[in-house]
Structure formats: structure tokens, C-alpha cells
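Notes for the one structure printed next.
All values derive from a computational prediction rather than experimental measurement. Chain letters run A, B, ... following the sequence lines, proteins first and then strands; every chain starts at 1.
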2 protein chains.
Amino acid sequence: MATIHDVAEKAGVSVTTVSRVLNNRGYISDATRRKVFGVMEELNYHPNEIARSLLRKQSNIIGLIIPNVSHPFFGELANDVEFFAHRNGFKVLLCNSRLEPAKEREYIEMMKRNRVDGIIMGSHTLEVGDYESLPYPIVTIDRRIGESIPYISSDNYRGGELATRLLIDKGCRKIAHICGSLELDLLANLRTDAFESMATRSGIHHLTIQTDMDVFNQEQYEDMIRRLFREHPDIDGVFATSDIIAAFAVKIGRTLGKRIPEELRIVGYDDVKAASWLQPSLTTIRQPIREMSELAVELIRKQMEEAPYERENILPVELIERDTT
Amino acid sequence: MATIHDVAEKAGVSVTTVSRVLNNRGYISDATRRKVFGVMEELNYHPNEIARSLLRKQSNIIGLIIPNVSHPFFGELANDVEFFAHRNGFKVLLCNSRLEPAKEREYIEMMKRNRVDGIIMGSHTLEVGDYESLPYPIVTIDRRIGESIPYISSDNYRGGELATRLLIDKGCRKIAHICGSLELDLLANLRTDAFESMATRSGIHHLTIQTDMDVFNQEQYEDMIRRLFREHPDIDGVFATSDIIAAFAVKIGRTLGKRIPEELRIVGYDDVKAASWLQPSLTTIRQPIREMSELAVELIRKQMEEAPYERENILPVELIERDTT
DNA sequence: TTGTAAGCGTTATCAG
DNA sequence: CTGATAACGCTTACAA
């Protein structure tokens, strides 16, 4: 693979000159410029970004750590992050932690060694201290860490309120909330707070169940929801913390012969694309994934440029009513 | 950020020695080894992989170019590719081409400049020549390019046969096939060949419609399928080329009051996770995404090591019968 | 068992 | 307008 020296030699100029035409810096005569470009073409020369990175101390890489890209929410997030990263001249290194602390830690180490320009953290299995010592820009999705690291989330408390109120307003008598593991220190837990507070305040029968850490074990959902309906056959409203879980609730509810939404109302969360093509389509709380992704990249960039930025970034959610309520 | 020089100085040894303990090469006394490790800890030293890459001419990065990670099929593929890449010591650079040739070309250029160790191509909007000139290992998913580049696909023809035969065997009288744009030179087009050949042979009424290039415009699916049923109300079997499209067919069929599977039978493709949690769950042709991903990483590795490898890698598909037939 | 020095492919500085 | 040369942080002959 041709280097800048090969080009310089063949073009009969110095490497400095080649570098200049490459970066369009300083004065160069049109003749040499043309000559150099010609030789580059001829040698099929591609500047080595690794060498550039070494010198500039900038890799133009953003690390994205999430639990699992094959989960629709994170798939859409990753897609959007990549889009905005690319638009800002960054590449994206994809890391799936699978919510294993060891893997998450290893990925963070790897990113340090690779001198990424910043990390977007969407997986949170470690302690606060593990993150605070990081030597470069971080942005956190859905978790508040320490005093200085900026975080992005949607308005989880409000989302919980909207969902719960909708179920109550529609006349539900006993509502269940299915959330993720509350042991993880996530802002998403505010949804649960909102649910319990609002349900309690309105004096409605309610209960909350947690999925375990292995978010990607789908059978877990089935068993859990089946048990829920078995133990509480009178449940007529479910607020699930993701559209996937909601889809399982729909499926199992139907299997048990419950009419939706007449006998069982279900509200999901996220508004991933699937929510609208499911049958019945899901009522859900929309998170602005696109805006969150755009902001994440922007916050990395701002930290790199030492520009001012907001530490707390809470984006609005929206209730999307569809068939399941 | 500490460099190897800082460590050497503080430990009172040469950089060579530090490098040796780092890479565990050559003889070093236990005393200095301990000393050096201590200083590394103290200085919070992380070896700079960029410098290493420059020297070794190996980045340990695999580029993954796909249309869109938020599509379930590619999301699962990306997830698995990342898993196996990590296990083989590679990082993954994620690129969404959105099926725009300009973007795909730009990504390929970017990868050349960044000296990735190999590329897994799951997006195919360019001409064969654009790929053949690439200076490093490539693996292609679902497309055959030139004579030398290895490719991976599942047995598309067989998948088409299985789906079509199932519809016929179940007693369908008029079947429709919804495929992607046939202008793209994909092995997935074999599904269509199989459909048409088998339907023709058995003398059944049949027709094929193509979606346009913008695979990610979901409204397109709705309109297209609605029109299909309007123009051919007697269709009682649909073979869709993805589970997403199949899900839309289910949704619209239901809206039109057709009972599934009694009056309308539907077969999808891929067996993404959603296929099993949809309601009704989808009958589909399973592609072995995990195996395909593992093989993709392995083929990159083998090319790097100049080990022998198969050029043609066609993995078996499987019919998964669920509720929609 | 340890150290010196060259080189990986660029860019920046300084001098013509 | 152009060119030498010294970095960037690391590994690897070659020497000691």
C-alpha cells in the first residue's frame, strides 16, 4: 500500500509538499498540485488515518456501549447515533455489553487503549467510580453519574404518569407494571416511581413486577407474564417498560382469551418501529430516540471542543394512543 | 495521558524494558517486571493502540457495512458479528449505508484510509469493480462478487421452495410473493426464482410484486400491500421476503377482515426474534444468522492468515411453522 | 537481563 | 512556493 513517500518520490517533490496538497494547506503551485493528485490516483494512494491519529491525538472515533444492538430500542439508537456521528466526521465503534460487568469493563479499557474521542454509554452495570476516572468525554444515556458527566434521558417520570393515568382514565380497576431490574441504577426507574405514586394516590389496585437482569431472554417474559395473569386474573391494565414486553403481554393476554382493549388494556414504552406494525398496534410512550442520539453526539463534540454544555438533558416524551387501549 | 516513556523514566528503566513487560517478551527479571507494573498502575498507563497499529500494520478492526442496524435482520446480524469479532480480538466499525451508493462508496474509502483488517459487506449498491480492487479481506453477505471474494448466504432457493410449497400444500389457490427490489444483484433474488418456478410448475395462480429500494420506508409496505389486496381480493397466500413485510401483510389482511390462517396464509423470511412474539406468531423461513455471522468473522480471519477457505458458503434454511399458516 | 536507535506514515516547524 | 527534520508512541534489531 502506497505511502506519502512513494507519492513524493514518484511526483518528484518532497513529502511536505504532498502533505500540503493533501490537506490543502499553504501555497502550492497549480502545476505541482495537479502532478501530485495525478500520482496519487496512479498509485491508488490513501492517506493512513492511523498515522494521522497518532500525530493529532485524535482518532475521530466514538465508542458506543449498549447492552445489545438487536434490541429494537438500542438498534434504533445505534442507527441514529451512527448517522449523526458520520455527519460530524466520526466513526462508531460498536460494543455490546450484554449487561455483563466484565465485558463492559473490558470495553472501557479497550476504548482507552484505542484513544477514542468519546464514549456514549447506554449500558450501566458498573459503579460510578469506574466511569468518573475516564480520561475523555462521556455521555450517558438514562443514568446520572457523579457531578460532571452529562446525561441524556427522556422524561421518565412523566412517561410513567402518562401511561398510568391513561389506564386509570380508561377505567381499569387493577393495573400491573412490568419494569426492568430495579437494581440497576437507571433513570428509567422513575417510570416505576411515577406508576406507584399515581396508582397509590388514586387508590387503585396495583402491583409491580421486575424482570431479571437478562433482558434478552425472551422466554423469561413469557413465563413471568403468564404467572402474573395466573396469580392475578383480574388485572385489566398493564404498563410495560418496553414495547417488547408489551407485545408479550398482548400475546399472552390474547392466548388467555382476554379481549384487548375491552378487557385488558396495555401500554408499552419507547415507540420502536415495531409498535406501529404490530397487530394490534401498541399504545405506547414515545421516546425521542433520534433527538437523543443527535444530542449524544453533540455532547461528545462539545466536550472535545471545551464548549459549554448542559449536564442534564431530559427530553420530552409523548403518549401515542393506538389499538391496545 | 502517560506514555511508555513516562513509565520507563519513573521506573528507572528503558522503554524497551517496559515494552517487554507489556508484551511479555524476552527475559526480564521479576524485580523489574514488578516495578514496571507498579508504575503503570500508578500512572494509570494504557498502551496506545494507535501507535501499535501503525507499527504492526494491523488495526484489529473489522468494518461492517449494512443498510441499517435498526432493521431487525441486520440488528441481529450486527449483534452476532460483534460478538464473534470480539471473541477473535477484533473491534467492529459500524456503518449504515442506508442503501445510498454515495454513502457506501464513502464508507469503503474511509475503511481504506483507516486500514481496517477486513470488511463484511451486507449492503450492495455498487458495481462489482468497486469491490474487487479492495486491498484487503472482504466477505460478502448475500451477494456473489467476482471470482475470488468469499460470500455467505443461506440457501435462498430452497427457502423460496419451502415457503411456496407450504402455501400450495395448505390449499392456497392464488399466491402472491412480495420481494425486495430485483435491481439489486442479491442472492435473495433466488427466493423469487424458486417461487415463480414452483408456482408455475404446479399451475397455481401467482404474482410477484417488488418493494422499491427504500426498504426502510414502512408506509411503502402498507400502501403496497393494501393495493395488492384491492387488486387481487382472491389472494389466499402470501410469501413475503422478510418478517417485517409479513407482519404488515398480517396487519392489513386482518384489517380487511380476512381470517388468518383460514382465509389468508402468510409466510415470512428470516425468523427474526419478532417473528415469535408477534400475535399471531409468524410462519417463516429461518436464516441461521448466528452461524452466518460467525462464519463472516472467520472468513476475514482466514484471509488475513492466508489460510485456505471456501469461497461459497451457503448455509441451510429451515421452515418454522407457526400461527399464520 | 537490559539499553540504543531506527522506523511505522503523517504533520508541523522552521528555513530557504 | 518548497524542502529538511523532528516529533507522535510504540516495537524490534542489534549491542552490551
In whole Å, what is the span from the CG atom of B:Leu43 to the C1' atom of D:dG9?
-> 15 Å
Whole-Å distance separating the CZ atom of B:Arg52 from the C1' atom of C:dG7 = 17 Å
Just wondering, are more than 12 heavy atoms of other shown residues or ligands nearer than 6.0 Å to CD in A:Glu310?
-> no
Walk me through it: do A:Asp6 and A:Lys10 pass the test salt bridge (charged side-chain N to carboxylate O under 4.0 Å, His left out)?
-> CA-CA 6 Å; A:Asp6 303 330; A:Lys10 185 142 190 173; over 6 Å; no
The side chain to side chain contact (heavy atoms under 4.5 Å, CB included) partner of B:Ser19 among B:Val21, B:Asn23, B:Thr17 is B:Asn23
Of the listed D:dG9, C:dT10, D:dC1, the closest approach to the B:Leu54 side chain comes from D:dG9
When we call it a touch if two heavy atoms are under 4.0 Å apart, what does A:Thr16 touch: a base, just sugar-phosphate, or nothing?
-> base
Report which part of the nucleic acid B:Ile28 touches: base, sugar-phosphate, or nothing (heavy-atom distance under 4.0 Å, all strands).
-> sugar-phosphate
Taking atom P of C:dT4 as reference, at what distance in whole Å does atom NE2 of B:His5 sit?
-> 11 Å
Which is true for B:Ser19 with a 4.0 Å heavy-atom rule: it touches a base, it touches only sugar-phosphate, or it touches nothing?
-> base
Kindly say if A:Tyr27 contacts the phosphate of D:dG3, meaning a side-chain N or O under 4.0 Å from OP1 or OP2.
-> no
Counting side-chain heavy atoms from CB outward, which of D:dC1, D:dG9, D:dG3 is closest to A:Ser29?
-> D:dC1
Between A:Ile50 (CD1) and D:dC8 (C1'), how many Å, whole number?
-> 14 Å
Sugar-phosphate only, base, or nothing, as touched by B:Thr32 at under 4.0 Å among non-hydrogen atoms = sugar-phosphate
Whole angstrom is fine here: how far is it from CG in A:Asn24 over to P in D:dC1?
-> 13 Å
To the nearest Å, give me how far apart CZ (A:Arg115) and P (D:dC8) are.
-> 14 Å
Terminal axis angle for the helix from C:dT1-D:dA16 to C:dG16-D:dC1, five pairs an end, nearest 10 degrees = 40°
Check ion pair A:Arg290-A:Glu294 (N to O, under 4.0 angstrom) | no
Are OP1 or OP2 of D:dC8 and a side-chain N or O of B:Asn48 less than 4.0 angstrom apart?
-> no
Considering residues at least two apart in sequence or located in another chain, which fulfil the ring-ring contact (aromatic ring centres under 6.0 Å, His included) criterion with A:His86?
-> B:Tyr107
Closest of C:dT10, C:dG3, D:dC10 to the B:Thr17 side chain is C:dG3
Nearest to the side chain of B:Lys57 - C:dT10, D:dC8, C:dC8?
-> C:dC8
N-O pairing of B:Glu106 and B:Lys103 below 4.0 Å | no
If you look at every strand shown and take non-hydrogen atoms under 4.0 Å, does A:Arg20 touch a base, only sugar-phosphate, or nothing?
-> base
Residues B:Arg301 and B:Glu305 bridged, charged N to O under 4.0 Å | yes
Interatomic distance, A:Arg56 CZ vs C:dG9 C1' [rounded to whole Å] | 12 Å
Ignoring hydrogens and angles, tell me if any N or O in the side chain of A:Glu312 forms a donor-acceptor pair with the backbone of A:Tyr151 under 3.5 Å.
-> no
